[in-house]
Amino acid sequence: MGESLTVAVASGKGGTGKTSLATSLARVASAQYERVAYLDCDVEEPNGHIFLPATLERKEIIHVEVPEIDQEKCDYCGYCAQICAFNALAILPGAPLVFANLCHSCAGCWTLCPQKAIRVGKRGIGVVETGHLGHMEFWQGRLDPGVATSPPLIDALQKRGLGPGINILDAPPGTSCPVVRTVERADFVLLVTEPTPFGRHDLELAAAMVRQMGLPAGVVINRSSGDDGIIEDFCRQSGLPLLGRLPWERRVAEGYAAGLCAVEVMPRWRPLFLDWLQRIREIVAGRGGEGSAGNCGAER
């Protein structure tokens with residue numbers, strides 16, 4: 001396969017089945033395509049390795065830039081603290097303070113310091129690890145405890161892991177900055193939801209996010225009971241293609257607890273995942289009829 005396709009698997013909240021679907025999609029794709037990379041971008045709580053037990057081969061510490069104050073040059077004017085939008089600096093009488101955990105590395109303080117008293121330092125925020133499971137590339141980021149800003153680590157993870165072929169991004173839950181940073185490089189966002197009022201509410205938030213970002217997206221209903229009208233109605237109203245659904249299966253839940261992804265427990269679902277991937281490729285290529293309800297149903 002010469003072309004590249006990056007699919008972000010996202011959901012409005014945790015516990016919807018996003019990682020189960022993302023790891024299953026990566027497993028199925030790796031049996032079909034020459035290069036497949038799975039990137040666990042949920043760097044605060046990465047758990048893709050439970051379902052894709054890759055052999056990790058490399059680890060790299062990721063640093064961000066933070067201010068370091070030269071007290072011999074600093075005259076305690078306080079200008080750096082005034083312009084810092086994140087309250088990462090404070091100037092007490094004779095004692096400049098740097099709260100590195102709050103710094104967003106915007107460079108404002110060391111660029112604009114009147115006394116040129118701030119130099120660029122660096123702080124480790126976490127690691128990017130990589131390995132293989134068969135010929136599938138496995139990538140994950142792990143944020144250090146206490147670090148408040150995960151987007152720089154997600155950015156570093158994607159810069160190293162994205163490549164030609166199929167890239168599957170396992171996004172953090174929700175619709176906040178880490179999710180935005182994860183999906184902004186994606187060609188398509190696969191939104192996983194469940195047929196409940198809470199599921200629809202969070203799907204609405206996630207759909208609004210991808211719409212504002214101008215990204216093509218589609219929906220998969222997880223744990224379908226057969227009565228999915230609450231999600232189907234939203235998809236029709238919003239023009240989101242409903243790519244399919246996975247029925248509630250106790251065996252899948254038991255497999256998840258044992259560290260097995262869905263397609264390992266239900267091998268007959270594999271063609272369904274391949275169908276979704278093909279449909280996504282068609283939508284990205286502009287041939288998929290993005291507003292149509294599409295292929296719904298896992299009962300193959």
S.K.: I need the single residue from Val28, Leu272, Leu5 that forms a side-chain contact (heavy atoms from CB on, under 4.5 Å) with Leu277. Which is it?
M.R.: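 That would be Leu5; it is the only one of Val28, Leu272, Leu5 passing the side-chain contact (heavy atoms from CB on, under 4.5 Å) with Leu277.
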S.K.: Should Arg211 and Leu240 count as side-chain neighbours, where that means a heavy-atom distance under 4.5 Å?
M.R.: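 Side chain of Arg211 against side chain of Leu240, heavy atoms only: no contact under 4.5 Å found.
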S.K.: Consider only side-chain heavy atoms of I, L, V, M, F, W and Y, link residues closer than 4.5 Å, and tell whether Val128 and Leu169 are in one cluster.
M.R.: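 Linked, Val128 and Leu169 end up in one cluster.
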S.K.: To check you understand the geometry: which heavy-atom pair defines the closest contact between Trp276 and Gly244, and what is its length?
M.R.: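 So the two residues come closest at NE1-CA, 3.9 Å.
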S.K.: Considering only heavy atoms from C-beta outward, does the side chain of Gln71 approach that of Tyr76 to under 4.5 Å?
M.R.: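 Yes, close enough: below the 4.5 Å cut-off.
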S.K.: Is there side-chain contact between Val252 and Arg223, with at least one heavy-atom pair below 4.5 Å?
M.R.: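 No, too far: nothing below the 4.5 Å cut-off.
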S.K.: Around Glu45, counting heavy atoms of other residues, nucleotides and ligands shown, do more than 12 lie under 6.0 Å from its CD?
M.R.: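 Atom CD in Glu45 is not packed in, count stays at 12 or less.
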S.K.: Verify the cluster assignment for Leu112 and Ile91: are they in a single hydrophobic cluster under the rule of side-chain heavy atoms below 4.5 Å apart?
M.R.: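 No, no single cluster joins them.
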S.K.: Please check this pair: side chain of Asp187 against backbone of Thr6, looking for a donor-acceptor N/O pair closer than 3.5 Å.
M.R.: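 Looks like yes, one N/O pair under 3.5 Å.
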S.K.: How about His132: does its NE2 atom have over 12 heavy atoms from other parts shown lying under 6.0 Å from it?
M.R.: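 Atom NE2 in His132 is packed in, count exceeds 12.
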S.K.: Has Thr111 got a side-chain atom pairing as donor or acceptor with Gly108's backbone, closer than 3.5 angstrom?
M.R.: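 Such a contact is absent between Thr111 side chain and Gly108 backbone.
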S.K.: Tell me the closest heavy-atom pair linking Gly124 and Asp144, and the distance in Å.
M.R.: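 So the minimum-distance heavy-atom pair works out to O-OD2, 3.7 Å.
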S.K.: Which heavy atom of Gln158 sits nearest to which heavy atom of Leu39, and what is that distance?
M.R.: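 That closest heavy-atom pairing would be CA-CD2, 3.9 Å.
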S.K.: If two hydrophobic side chains count as joined below 4.5 Å and joins carry through other members, does Ile118 share a cluster with Tyr79?
M.R.: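 In one cluster: no.
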S.K.: Just wondering, more than 12 heavy atoms not from Ile61 lying within 6.0 Å of its CD1?
M.R.: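 No, CD1 of Ile61 has 12 or fewer neighbouring heavy atoms, counting only those of other groups under 6.0 Å.
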S.K.: Report yes if some heavy atom in the side chain of Asp42 is under 4.5 Å from a heavy atom in the side chain of Thr19; otherwise report no.
M.R.: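 Asp42 vs Thr19: side chains apart.
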S.K.: Under 6.0 Å from the CD atom of Gln212, do we count more than 12 heavy atoms belonging to anything else shown?
M.R.: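 12 or below, so no.
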S.K.: State whether the number of non-hydrogen atoms from other residues, nucleotides or ligands found under 6.0 Å of Asp227 atom CG is greater than 12.
M.R.: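 No.
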S.K.: Just wondering, do Ile125 and Thr149 contact through their side chains at under 4.5 Å, heavy atoms?
M.R.: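 SC-SC contact between Thr149 and Ile125 ruled out.
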S.K.: Can you name the nearest heavy-atom pair linking Phe273 to Leu21, along with the distance?
M.R.: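 Minimum heavy-atom contact is CE2-O, 3.7 Å.
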S.K.: If we ignore hydrogens and angles and just use 3.5 Å, is the side chain of Thr130 paired with the main-chain N or O of Phe138 as donor and acceptor?
M.R.: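 Checking the backbone N and O of Phe138 against the side chain of Thr130, a donor-acceptor pair under 3.5 Å is found.
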S.K.: Got a donor-acceptor contact below 3.5 angstrom from the Gln32 side chain to the Ala29 backbone?
M.R.: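 No, Gln32 side chain to Ala29 backbone: no donor-acceptor pair under 3.5 Å.
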S.K.: Would you confirm whether Arg200, through its side chain, and Ile230, through its main-chain N or O, come within 3.5 Å as a donor-acceptor pair?
M.R.: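 Yes, Arg200 side chain to Ile230 backbone: donor-acceptor pair under 3.5 Å.
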S.K.: I want to know whether Phe99 and Phe86 have ring centres closer than 6.0 Å.
M.R.: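 No, they do not, as the ring centres are separated by 6.0 Å or more.
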S.K.: If two hydrophobic side chains count as joined below 4.5 Å and joins carry through other members, does Leu162 share a cluster with Ile62?
M.R.: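 Yes; tracing contacts between hydrophobic side chains, which count when under 4.5 Å, links both residues.
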S.K.: Determine the sole option in Gln140, His49, Arg58 for which the side chain to side chain donor-acceptor pair (under 3.5 Å) test with Glu129 is passed.
M.R.: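 It is Gln140; the other options fail the test.
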S.K.: For a quick test of reading the model, state the closest non-hydrogen atom pair linking Ala8 to Val183 and the distance between them.
M.R.: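 Minimum heavy-atom separation between Ala8 and Val183: CB-CG1, 3.8 Å.
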S.K.: Is it the case that the side chain of Ser24 and the backbone of Val263 share a donor-acceptor pair, with hydrogens and angles ignored and the cut-off at 3.5 Å?
M.R.: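 Side chain of Ser24 to backbone of Val263, a donor-acceptor pair under 3.5 Å: yes, one is there.
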S.K.: So, the side chain of His135 versus the backbone of Leu133: is there a donor-acceptor pair under 3.5 Å, distance only?
M.R.: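 Looks like no, no N/O pair under 3.5 Å.
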S.K.: Under a 4.5 Å cut-off applied to non-hydrogen side-chain atoms, are Pro67 and Trp110 in contact?
M.R.: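 The answer is yes; the side chains approach within 4.5 Å.
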S.K.: Got a donor-acceptor contact below 3.5 angstrom from the Lys18 side chain to the Ala171 backbone?
M.R.: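 Side chain of Lys18 to backbone of Ala171: a pair is present.
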S.K.: How about CD on Glu57, more than 12 heavy atoms from neighbouring residues, nucleotides or ligands closer than 6.0 Å, or not?
M.R.: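 Check passes, neighbour count above 12.
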S.K.: Hey, is Asp40 close enough to Arg142 for a salt bridge, meaning N to O under 4.0 Å?
M.R.: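 Judged by the 4.0 Å cut-off on N to carboxylate O distance, Asp40 and Arg142 do not form a salt bridge.
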S.K.: Say whether Val189 and Val179 are linked into one hydrophobic cluster, either directly or through other cluster members, by side-chain heavy-atom distances under 4.5 angstrom.
M.R.: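 Val189 clusters together with Val179.
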S.K.: Please determine whether a side-chain nitrogen of the Lys or Arg among Asp275 and Arg279 lies less than 4.0 Å from a carboxylate oxygen of the Asp or Glu.
M.R.: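 No salt bridge links Asp275 with Arg279.
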S.K.: Between atom SG of Cys77 and atom CD of Gln82, what is the distance when rounded to the nearest 0.5 Å?
M.R.: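 Going from SG on Cys77 over to CD on Gln82, the span is 7.5 Å.
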S.K.: Hey, what do you get for CD (Glu249) to CD (Glu254), rounding to the nearest 0.5 Å?
M.R.: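 Reported to 0.5 Å precision, the distance equals 10.5 Å.
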S.K.: Using 4.0 Å as the upper bound for N to carboxylate O, is an ion pair formed by Glu137 and Arg160?
M.R.: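 Answer for the salt bridge query: no.
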